[in-house]
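Proteins come first, then strands; the chains are lettered A, B, ... in the order of their sequence lines, and each starts at number 1.
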There are 2 protein chains.
Amino acid sequence: MARRADHTRDELTKLVLAAAREIVVEEGFRGLTTRKLAARIGYSAGSIYNVFHNIDALIIEIDASLLDELFEAVTSEPLPGGVEPALKALARRYVVFVQNNQNLWNLLFEHRLPPGEVLPDWYYPKLERLLAIVEERLRPLFDDSDAAAVGRSVRLLWAGVHGIASLAGTGKLKIISSDGAMELIDDLIDNYVAGVRANNRI
Amino acid sequence: MARRADHTRDELTKLVLAAAREIVVEEGFRGLTTRKLAARIGYSAGSIYNVFHNIDALIIEIDASLLDELFEAVTSEPLPGGVEPALKALARRYVVFVQNNQNLWNLLFEHRLPPGEVLPDWYYPKLERLLAIVEERLRPLFDDSDAAAVGRSVRLLWAGVHGIASLAGTGKLKIISSDGAMELIDDLIDNYVAGVRANNRI
DNA sequence: GATTGTAATTGAACGATGTTCAATATATTT
DNA sequence: AAATATATTGAACATCGTTCAATTACAATC
């Protein structure tokens with residue numbers, strides 16, 4: 001059989017992506033194989049390669065859509081005023097999103113590109129605009145001239161929250177129960193921001 | 001061929017472990033395969049399964065020895081006095097160790113057990129005694145009665161440093177240059193500890 | 001409408017992977 | 001010397017991602 005006209009190239013792309021997400025949601029990212037994917041959409045494994053260069057490219061696409069959805073989840077409602085409340089609300093939405101999308105989130109953070117491969121250029125802005133939300137709320141704590149310090153804080157908080165959520169999610173370190181993650185994050189924000197206030201006297 | 005007496009069971013175990021570490025150091029943890037491992041020690045792939053239940057068990061063993069070495073690296077010299085200097089020194093030794101053992105460290109934090117499998121009981125104390133070092137230095141910041149708060153801080157700082165080192169190491173988020181990781185960690189310690197001091201007034 | 005060109009789809013194949021296991025050969029015990 | 005136990009192997013199994021010649025349907029051209 002060849003050249004069915006069941007779907008356009010574009011439809012097929014979306015079909016593959018949707019089926020891949022389903023598999024990851026149901027079975028985790030170890031369950032995502034080309035043959036299972038092909039079976040689910042009623043095409044052959046080879047057809048996937050007509051639409052994606054390889055499985056890594058597929059995964060990157062899923063990751064990208066996840067980041068878009070995180071942005072959506074984090075910005076859909078207005079944030080409360082005040083630095084700490086805003087940051088805590090952001091972190092809470094982040095953690096809730098991660099918990100609601102555990103398997104997909106694991107895909108995003110546990111998947112490693114083969115050595116030498118790099119993420120496509122369009123990928124990074126999706127992250128940057130997430131960082132920008134944090135930066136906006138953090139800026140009042142710093143002197144206008146000290147843009148470097150703000151950038152540092154944003155990245156530090158992002159990495160910190162990621163570290164907590166990651167260790168809580170995998171349980172690998174047995175450090176943090178999933179419930180306790182939010183507690184730790186609140187602690188981090190409370191004390192870090194207090195420290196910044198104290199050290200910057202603003 | 002069968003039943004050579006080249007090595008005792010114990011020697012073979014150590015041979016396998018040593019060869020596995022070499023491979024990971026040289027090629028990253030994706031390079032670690034049973035056949036390559038077998039070839040390097042001059043045995044067949046099947047022999048590895050005489051000594052380790054499977055590859056995951058082997059990796060856990062490598063992880064464990066790495067944690068032991070980290071403990072060694074972190075405690076070999078006395079820490080400076082004062083909370084911030086001690087914590088920063090600890091973090092610095094941690095980061096240096098991670099940088100000096102990048103591929104092995106990636107193995108430790110990127111390897112995931114298959115769903116359902118759990119780490120053996122003897123694994124966790126190796127982590128706990130690392131956390132205990134941090135806790136010892138952090139305790140002066142807290143009221144004696146507030147043991148929960150100290151525990152939170154320890155785990156939070158550990159997860160935060162892990163998050164920073166992890167994102168710096170993988171470059172996946174393009175957030176942090178490897179050089180900048182230490183800067184972020186210092187920032188975290190400086191401001192977090194200042195915040196704890198301010199909030200606890202001790 | 002017939003001919004040509006283009007692009008999609010497949011199934012088989014390739015070289016890997018982790019793991020299992022009967023067969024075998026050596027040590028050890030009786 | 002015979003019997004038992006154990007270490008070792010190599011082939012086999014079921015996977016995996018990926019490639020590609022062959023096939024077929026559609027689109028463009030005449």
* May I ask you to list the residues of residues 15-28 of chain B, by number, that have any heavy atom positioned under 4.0 Å from an atom of DNA chain D? => none
* State, without any angle test, whether A:S153 and A:Y192 hold a side-chain donor-acceptor pair at a distance under 3.5 Å. => yes
Under 3.5 Å, which donor-acceptor pairs link side chains of residues 50-58 of chain B to any protein atom two or more places apart or in another chain?
| residue | atom | partner | partner atom | Å |
| --- | --- | --- | --- | --- |
| B:N54 | OD1 | B:D56 | N | 3.2 |
| B:N54 | OD1 | B:A57 | N | 3.0 |
| B:D56 | OD1 | B:H111 | NE2 | 3.0 |

* Could you list the residues that satisfy side-chain hydrogen bond (donor to acceptor under 3.5 Å, both in side chains) with B:T8, not counting sequence neighbours? => none
* Structure fact -> Contacts of B:A38 meeting side chain to side chain contact (heavy atoms under 4.5 Å, CB included) (sequence neighbours excluded), chain-then-number -> B:A45, B:I48
* Hey, does B:L58 reach any base, or is it just sugar-phosphate, or nothing, if we go heavy atoms under 4.0 Å? -> nothing
* Structure fact -> With sequence neighbours left out, the residues meeting salt bridge (Lys or Arg N to Asp or Glu O under 4.0 Å) with B:D146 are none
* To do: Specify the residues of residues 6-13 of chain B, ordered by number, for which at least one heavy atom lies under 4.0 angstrom from an atom of DNA chain D.
  => B:R9, B:L12
* To do: Sequence neighbours left out, what pairs pass side chain to side chain donor-acceptor pair (under 3.5 Å) with at least one residue falling in residues 18-31 of chain A?
  => A:R21-A:S65, A:R21-A:E69, A:E22-A:R40, A:E26-A:R40, A:E27-A:K36
* To do: Return each pair, listed once, that meets salt bridge (charged side-chain N to carboxylate O under 4.0 Å, His left out) where at least one residue sits in residues 45-55 of chain B; pairs must be two or more places apart or across chains.
  => none
* Nucleic acid contacts of residues 35-54 of chain B, taken as heavy-atom distances under 4.0 Å to DNA chain C -> B:R35, B:Y49, B:N54
* Asked: Please, which pairs that meet ring-ring contact (aromatic ring centres under 6.0 Å, His included) have at least one residue in residues 71-96 of chain A, sequence neighbours excluded?
  -> A:Y94-A:W105, A:Y94-A:W158
* **Sequence neighbours excluded - salt bridge (charged side-chain N to carboxylate O under 4.0 Å, His left out) pairs with any residue from residues 84-109 of chain A** => A:E84-A:R197, A:K88-A:D190, A:R92-A:D186
* Applying ring-ring contact (aromatic ring centres under 6.0 Å, His included), which residue pairs with at least one partner in residues 13-46 of chain B are found, sequence neighbours left out? -> B:H7-B:Y43
